[in-house]
Participant: 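Quick one: structure below, then a few questions.
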Amino acid sequence: MIFAIESLGEPQYLSPLGLSNTFGDDHCNYVSDEQKLQYNVFQLDGMLDSDQIPNYNDLAFEVAGPREKLFFDPQKTTCAIVTCGGLCPGINNVIRSVVMELFYRYGVRKILGIRYGYAGLNPKIGHELLMLTPETAGHIHHWGGTILGSSRGNQDPALMADELEKLGVNILFCVGGDGTQRGAHEICTVLKRRGKKIAVVGIPKTIDNDILHIEKSFGFETAFSKACEAIEAAHVEAIGAWNGIGIVKLMGRHSGFIAASAALAVSEVNFVLIPELPFDLKGQNGFLQALQNRLEKRHHAVVVIAEGAAQEYFSSASGYDLSGNKVLNDSGLFIKSQISAYMQAHNIPVTIKYIDPSYIIRSVPAIPSDALFCQNLGQNAVHAGMAGKTDLLVGWRSNAFIHVPLDAIINKRKTINIESPFWLSVLAATGQPQSMVHSPRLF
């Protein structure tokens, strides 16, 4: 089955959690591998989300949770945690959750913090390890960022596997986005080829919320909640001037979830420009004409643009970052300059205020709902690792925590389905045209 979860072997140790297998006895229960979550909760393929594929109706995910039998003996287990990629709200919450669950619930006493991402598993770089205990990690959930540090860039998976073996690690928890999980999968491939029984468990970290097959990744809710403050400021600035225009650029390289969600939450946005929906600048149906129409009616407007939008208007990308992602051109400043030039050419006086809160929204501590989510993700990751499950991501879908094979999420990103009820609600809240494309396209 395409969503089958790999196991290191037959579990043989009784879990120390002391849970029940009987429903209705007022005791919390273990989860069995036979408990599944149906992939498609709708009966009609036409109602599927953009990440769903026809003929998946009979497929299901393994449900996450504590297992009665463990593959690893807790008293002899060494665990390690690594955090990779850009900063994100809630990383410290996840670290703390993993440490507390391992230490207090399972009795694991050796927990290693890998410093500065996968670079910390490269002995040639020489980053020192951080020993994690309830004393060192017990208070970190109040802080933004990550106490372990992070980095971008690939490391040799064979070299990282060597280091895991040298350190005697039994379970590696990889906190990061699709690039991090791709690296985790490569480590798993090396370990499997060598016949080494080391579990690798992924925990989804990306404020863009673009990991396939799961509904949300941690940090996303905090990010768009913080983004709301920038949008509210842009709205105040816009209504404070005749033909005032507030522009807010938000993160969202391939997916516009932050921009769309923040716009819905504030409900003062008039245009949401996202990577998933091409738009023309010029022409009767273009964005600039729609913006002019808005100003003529209300004399103010708020525009939210995701960083990955409007990239088609640039001749080329500006190279690649250390994670292999194209360095995007600045879509926010581009839109600002295009609006200014258009309004000047049409003799329309405007006042434009531009706000880019990108690094502010990813460095703050997690809000309570995200903190709760991080706690649950960390706990379920520990359950999976101790049971000997590997090459998987712990995720949230249809009101349940699930296990997703890493190879199912590393080759494609989740994007907004512009035919979905979610995007329909954005159109309803903003009043922007359903399409801002001229035929033929005018660049």
Side-chain angles (χ1 to χ4, degrees), residues 78-103 110-157 159-164 166-167 169 171-184 186-187 200-208 217-220 222-223 226 251 321-325 358-366 370-371 374-375 377-378 381-382 385 393:
T78 297
C79 295
I81 308 172
V82 62
T83 60
C84 308
L87 295 183
C88 174
I91 303 177
N92 282 332
N93 299 71
V94 169
I95 295 171
R96 181 184 187 275
S97 176
V98 170
V99 171
M100 294 301 189
E101 187 71 13
L102 285 170
F103 193 93
K110 192 172 182 181
I111 309 169
L112 310 177
I114 308 299
R115 303 301 306 276
Y116 301 108
Y118 285 141
L121 288 174
N122 184 343
K124 296 179 181 179
I125 296 177
H127 292 312
E128 293 185 3
L129 297 172
L130 178 64
M131 300 302 297
L132 296 172
T133 66
E135 286 71 32
T136 59
H139 56 284
I140 62 175
H141 55 303
H142 299 297
W143 305 340
T146 164
I147 62 165
L148 297 180
S150 186
S151 68
R152 296 187 183 276
N154 298 324
Q155 301 292 332
D156 183 351
L159 201 63
M160 293 191 286
D162 289 343
E163 189 68 5
L164 291 173
K166 177 183 174 182
L167 295 171
V169 171
I171 308 171
L172 174 65
F173 299 97
C174 300
V175 184
D178 64 305
T180 302
Q181 306 311 332
R182 191 176 300 111
E186 291 172 353
I187 294 172
V200 180
V201 179
I203 302 175
K205 172 202 70 71
T206 166
I207 62 173
D208 287 356
S217 51
F218 80 81
F220 168 64
T222 302
K226 190 67 176 179
M251 287 184 169
D321 64 20
L322 292 174
S323 297
N325 299 312
S358 297
Y359 290 100
I360 295 175
I361 70 173
R362 76 177 202 170
S363 61
V364 298
D370 237 346
C374 292
Q375 178 86 356
L377 279 174
V382 170
L393 181 87

Participant: Verify side chain to side chain contact (heavy atoms under 4.5 Å, CB included) between Leu87 and Tyr359, making sure each step is shown before the conclusion.
Facilitator: CA-CA 9 Å; Leu87 295 183; Tyr359 290 100; over 6 Å; no

Participant: Could you work out, with side-chain contact (heavy atoms from CB on, under 4.5 Å) as the rule, every residue matching Cys174, not counting sequence neighbours?
Facilitator: Val82, Tyr118, Leu172, Thr180, Gln181, Ala184, Val200

Participant: Please lay out, stage by stage, how Lys110 and Met131 fare under the test side chain to side chain contact (heavy atoms under 4.5 Å, CB included).
Facilitator: CA-CA 8 Å; Lys110 192 172 182 181; Met131 300 302 297; 4.3 Å; yes

Participant: Could you pull out all residues at least two apart from Leu129 that satisfy side-chain contact (heavy atoms from CB on, under 4.5 Å)?
Facilitator: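 Partners of Leu129 under the side-chain contact (heavy atoms from CB on, under 4.5 Å) test: Leu112, Ile114, Leu167.
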
Participant: Calculate, to the nearest 0.5 Å, the distance between atoms CG and CG belonging to Leu121 and Leu159 respectively.
Facilitator: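 Rounded to the nearest 0.5 Å, the CG-CG separation comes out at 9.0 Å.
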
Participant: Please determine whether side chain to side chain contact (heavy atoms under 4.5 Å, CB included) holds for the pair Leu132 and Phe103, giving the CA-CA distance in whole Å, both sets of side-chain angles, and the decisive distance to 0.1 Å.
Facilitator: CA-CA 10 Å; Leu132 296 172; Phe103 193 93; over 6 Å; no

Participant: Hey, what do you get for CD (Gln375) to CD (Glu101), rounding to the nearest 0.5 Å?
Facilitator: 8.0 Å

Participant: Taking C-beta and beyond as the side chain, do Pro134 and Met100 meet within less than 4.5 Å on heavy atoms?
Facilitator: yes

Participant: Heavy-atom distance under 4.5 Å between the side chains of Val382 and Ser97, does that happen here?
Facilitator: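 No, every pair of side-chain atoms sits at 4.5 Å or beyond.
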
Participant: Where the side chain of Ser150 meets the backbone of Gly117, is there a donor-acceptor pair that is under 3.5 Å apart?
Facilitator: no

Participant: Could you tell me whether the side chain of Lys205 and the main chain of Cys84 form a donor-acceptor pair under 3.5 Å?
Facilitator: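 Confirmed, Lys205 side chain pairs with Cys84 backbone.
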
Participant: For the CD1 atom of Ile140 and the CD1 atom of Ile95, what is their distance to the nearest 0.5 Å?
Facilitator: 5.0 Å

Participant: So do the side chains of Leu377 and Pro204 get within less than 4.5 Å of each other, counting heavy atoms only?
Facilitator: yes

Participant: Start with the C-alpha gap between Val94 and Thr146, add the side-chain angles, then the distance that decides, and say whether side chain to side chain contact (heavy atoms under 4.5 Å, CB included) holds.
Facilitator: CA-CA 10 Å; Val94 169; Thr146 164; over 6 Å; no

Participant: Can you tell me if Thr83 uses its side chain to pair, donor with acceptor, with the backbone of Val175 under 3.5 Å?
Facilitator: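 Absent.
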
Participant: Nearest 0.5 angstrom please: Ser151 OG to Asn122 CG, how far?
Facilitator: 10.0 Å

Participant: Show the nearest heavy-atom pair for residues Asn92 and Gly144, with the distance to one decimal.
Facilitator: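 What the structure gives for the nearest pair is ND2-O, 3.4 Å.
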
Participant: So which heavy atom on Arg115 is nearest to which on Ile147, and how close?
Facilitator: NH2-O, 3.7 Å

Participant: Can you spot which of Leu102, Val99, Ile171, Ile91 makes a side-chain contact (heavy atoms from CB on, under 4.5 Å) with Ile81?
Facilitator: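 Among the candidates, only Val99 passes.
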
Participant: Measuring from atom NE2 of His141 to atom CZ of Arg96, what distance do you get when rounded to the nearest 0.5 angstrom?
Facilitator: 4.5 Å

Participant: Supply the atom-to-atom distance Asp156 CG to Glu163 CD, rounded to the nearest 0.5 angstrom.
Facilitator: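 Asp156 atom CG to Glu163 atom CD measures 12.0 Å (nearest 0.5 Å).
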
Participant: Strictly distance-based, threshold 3.5 Å: is any side-chain N or O of Asp370 a donor or acceptor partner for the main-chain N or O of Thr222?
Facilitator: yes

Participant: Considering all heavy atoms of both residues, which atom of Ala366 and which atom of Asn93 are nearest to each other, and what is their separation?
Facilitator: CB-OD1, 3.9 Å

Participant: So, for His139 and Thr136, which heavy atoms are closest and what is the spacing to 0.1 Å?
Facilitator: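 Looks like CE1-O, 3.7 Å.
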
Participant: Which atom names give the shortest non-hydrogen contact between Leu148 and Gly113, and what distance separates them?
Facilitator: CD2-CA, 3.6 Å

Participant: Could you check whether any side-chain heavy atom of Thr206 comes within less than 4.5 Å of a side-chain heavy atom of Cys88, counting everything from C-beta outward?
Facilitator: no

